[in-house]
Undergrad: 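My questions will all concern the structure given below.
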Amino acid sequence: MSDSEEESQDRQLKIVVIGDGACGKTSLATRFAQEAFGKQYKQTIGLDFFLKRISLPGNLNVTLQVWDIGGQTLGGKMLDKYVYGAHGVLLVYDITNYQSFENLEDWFSMVKKANEESDIQPVVSLIGNKIDLEHMRTVKADKHQRFCQENGLVSQFVSAKTGDSVHLCFQRVAAEILGVKLNKAEMEQSQVSHNHTKFFLSNWTKIYSFLLA
Ligand SMILES: Nc1nc2c(ncn2[C@@H]2O[C@H](COP(=O)(O)OP(=O)(O)OP(=O)(O)O)[C@@H](O)[C@H]2O)c(=O)[nH]1
């Protein structure tokens, strides 16, 4: 089979990223799709798109269409249209901001309502972001776990800043949607290999800057 034939067989999955403003949705999508992070906060107006191809066990290639939805859209007219037909939803909050966790009830209700008439029900994952700020945590991990258990959600803690578990959180949702089992070793492997790439890239940048100086 030629490369183009193989590529045309890629499945595209619509993954919607929602949650309060400034909880880190754009940072999460940017870290995943572009291996980059910006400290400066720039509010997303409406929505942004990212595309990224990933591999799952069994030589399965999938293209994720990531819809990064601005936090200010909650309560707006367009939100249910953005969320409609999503295969996966990342419900994001900031572990240092209790209000962003409390507001998840509203975000989650909107997801359920938006898909009431859809043939497919999305896989929803609860994402606690900013774990690099563990010392400032205001949302206890057991509250997070309870919310997942009560609502049947996939659970993940990440840091868009360091990249910790970012690839993994998208990979787990894609695997769940496609009914692919990721074993523990594969999950660890995914985390480790991506951390190595980041380590290599960040150190290479430092070496390059040093040589230019
Ligand atoms: N320390 C830390 N800061 C983060 C992390 N993720 C995002 N931030 C910062 O949090 C701020 C908000 O991040 P954004 O990604 O713009 O937030 P958002 O959820 O897309 O915001 P809206 O566009 O308003 O919906 C920025 O200053 C980011 O640099 C993280 O994992 N750790």
Side-chain angles (χ1 to χ4, degrees), residues 13-52 54 64-76 78-79 82-83 86 88-108 110-111 122-141 143-145 147-148 151 153-174 187 190-191 194-195 197-199 201-202:
L13 299 178
K14 173 179 174 180
I15 310 291
V16 167
V17 187
I18 54 172
D20 270 12
C23 70
K25 300 176 298 295
T26 302
S27 306
L28 189 66
T30 309
R31 168 62 77 196
F32 172 61
Q34 299 164 355
E35 284 288 345
F37 177 78
K39 277 192 188 148
Q40 202 74 32
Y41 172 46
K42 191 168 159 278
Q43 190 184 77
T44 304
I45 310 292
L47 78 162
D48 271 333
F49 294 102
F50 297 82
L51 274 184
K52 171 114 175 171
I54 63 165
L64 302 191
Q65 212 184 74
V66 180
W67 294 46
D68 165 27
I69 314 267
Q72 309 310 319
T73 53
L74 186 62
M78 294 304 289
L79 186 56
Y82 297 156
V83 172
V89 175
L90 302 189
L91 211 49
V92 186
Y93 72 96
D94 170 354
I95 65 155
T96 73
N97 178 339
Y98 196 77
Q99 190 65 49
S100 73
F101 179 75
E102 283 208 314
N103 290 343
L104 290 178
E105 291 281 359
D106 293 340
W107 286 103
F108 190 44
M110 184 282 304
V111 170
V123 168
V124 183
S125 180
L126 182 64
I127 311 290
N129 186 34
K130 308 199 187 179
I131 52 166
D132 57 291
L133 301 177
E134 183 63 40
H135 56 290
M136 291 166 64
R137 178 192 275 274
T138 55
V139 183
K140 291 208 173 102
K143 287 227 167 212
H144 170 115
Q145 300 302 359
F147 193 87
C148 288
N151 298 292
L153 311 184
V154 178
S155 159
Q156 193 70 58
F157 289 104
V158 303
S159 166
K161 183 173 181 182
T162 64
D164 192 353
S165 302
V166 170
H167 187 271
L168 183 61
C169 86
F170 284 93
Q171 196 187 31
R172 285 185 66 196
V173 168
M187 292 211 266
S190 152
Q191 207 167 353
H194 283 270
N195 284 343
T197 312
K198 275 205 317 287
F199 178 78
L201 285 174
S202 74

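Heads up: numbering here begins at 1 and tracks the sequence. This is a predicted model, so every value here is computed, not measured. Worth knowing before you read on, the calculation uses all heavy atoms, side chains too, and leaves out hydrogens, waters and symmetry mates.
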Undergrad: Do you know which two heavy atoms are closest between Q156 and S165, and how far apart they sit?
TA: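 Shortest heavy-atom separation between Q156 and S165 comes out as NE2-CB, 3.7 Å.
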Undergrad: Which residues satisfy the ring pair (Phe, Tyr, Trp, His ring centres under 6.0 Å) test with F157, sequence neighbours excluded?
TA: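 With neighbours one apart ignored, the set is H144.
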Undergrad: State, yes or no, whether a side-chain contact exists between T30 and F50 at a heavy-atom distance under 4.5 Å.
TA: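 T30 reaches F50 side chain to side chain.
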Undergrad: Between S100 and D20, what is the shortest heavy-atom contact and its length?
TA: CA-OD2, 3.4 Å
Undergrad: Measure the NZ-CG distance between K25 and D94 for me, rounded to the nearest 0.5 Å.
TA: 10.0 Å
Undergrad: If you define the side chain from C-beta out and look only at heavy atoms, does anything of V66 sit under 4.5 Å from K52?
TA: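 Answer no - side chains too far apart.
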Undergrad: Shortest non-hydrogen contact from I131 to I95?
TA: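 For I131 and I95, the tightest heavy-atom pair comes out as CA-CD1, 3.9 Å.
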Undergrad: Using side chain to side chain donor-acceptor pair (under 3.5 Å) as the criterion, list what pairs up with D48, not counting sequence neighbours.
TA: none
Undergrad: Kindly compute the distance separating CG (D68) from CG (L28), expressed to the nearest 0.5 Å.
TA: 9.0 Å
Undergrad: For A174, which residues count as a side chain to side chain contact (heavy atoms under 4.5 Å, CB included) partner, sequence neighbours excluded?
TA: L13, I54, L56, L64
Undergrad: Does any non-hydrogen side-chain atom of V92 lie less than 4.5 Å from one of C23?
TA: yes
Undergrad: Using the side chain to side chain contact (heavy atoms under 4.5 Å, CB included) rule, take D132 and D164 through it: C-alpha gap first, then chi angles, then the decisive distance, then the call.
TA: CA-CA 9 Å; D132 57 291; D164 192 353; over 6 Å; no
Undergrad: Just jot down the salt bridge (charged side-chain N to carboxylate O under 4.0 Å, His left out) partners of E134, sequence neighbours excluded, or say none.
TA: R137
Undergrad: Taking atom CZ of F32 and atom CD of Q171, what is their separation to the nearest 0.5 Å?
TA: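 With rounding to 0.5 Å, CZ (F32) is 9.0 Å from CD (Q171).
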Undergrad: With sequence neighbours left out, what residues match N97 under side chain to side chain donor-acceptor pair (under 3.5 Å)?
TA: none
Undergrad: Which residues pass the side chain to side chain contact (heavy atoms under 4.5 Å, CB included) test with I45, sequence neighbours left out?
TA: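 Only Q43 meet the side chain to side chain contact (heavy atoms under 4.5 Å, CB included) criterion with I45.
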Undergrad: Can you name the residues that form a side chain to side chain contact (heavy atoms under 4.5 Å, CB included) with S27, not counting sequence neighbours?
TA: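 Testing S27 for side chain to side chain contact (heavy atoms under 4.5 Å, CB included), a comparison that skips the adjacent residues, returns F37, A160.
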Undergrad: Identify the heavy atoms of P122 and V89 that sit nearest to each other, and give their distance.
TA: CB-CG2, 3.8 Å
Undergrad: With sequence neighbours excluded, tell me which residues meet side chain to side chain contact (heavy atoms under 4.5 Å, CB included) with L133.
TA: T96, K130, H135, M136
Undergrad: Per the salt bridge (charged side-chain N to carboxylate O under 4.0 Å, His left out) rule, what does the pair list look like for residues 97-107, sequence neighbours excluded?
TA: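 The answer is none; no pair qualifies.
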Undergrad: Roughly how far, to the nearest 0.5 Å, is the OG1 atom of T162 from the CZ atom of R31?
TA: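 Answer for the CZ-OG1 pair, R31 versus T162, is 7.0 Å.
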Undergrad: With sequence neighbours left out, write down each residue that passes side chain to side chain donor-acceptor pair (under 3.5 Å) with K143, or none if nothing qualifies.
TA: Y98
Undergrad: Quick check: closest heavy atoms across G24 and N129, and the distance to 0.1 Å?
TA: CA-ND2, 3.6 Å
Undergrad: Could you give the distance from CG (L90) to CD1 (I18), rounded to the nearest 0.5 Å?
TA: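 Those atoms lie 9.0 Å apart.
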Undergrad: Going by the rule ring pair (Phe, Tyr, Trp, His ring centres under 6.0 Å), which residues pair with W67 if we only count those two or more places apart in sequence or in a different chain?
TA: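 So W67 forms a ring pair (Phe, Tyr, Trp, His ring centres under 6.0 Å) with F49.
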Undergrad: Looking only at non-hydrogen atoms, find the nearest pair between A33 and L51 and report the distance.
TA: CB-O, 4.4 Å
Undergrad: Distance from T73 atom OG1 to W107 atom CH2, nearest 0.5 Å?
TA: 4.0 Å
Undergrad: Taking only residues two or more places apart in sequence, or in another chain, which ones meet T44 in a side chain to side chain donor-acceptor pair (under 3.5 Å)?
TA: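 Checked T44 against side chain to side chain donor-acceptor pair (under 3.5 Å); matches are T26.
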Undergrad: Please examine the side chains of L91 and F147, heavy atoms only from C-beta on, and report whether any two atoms are closer than 4.5 Å.
TA: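 A side-chain contact under 4.5 Å exists here.
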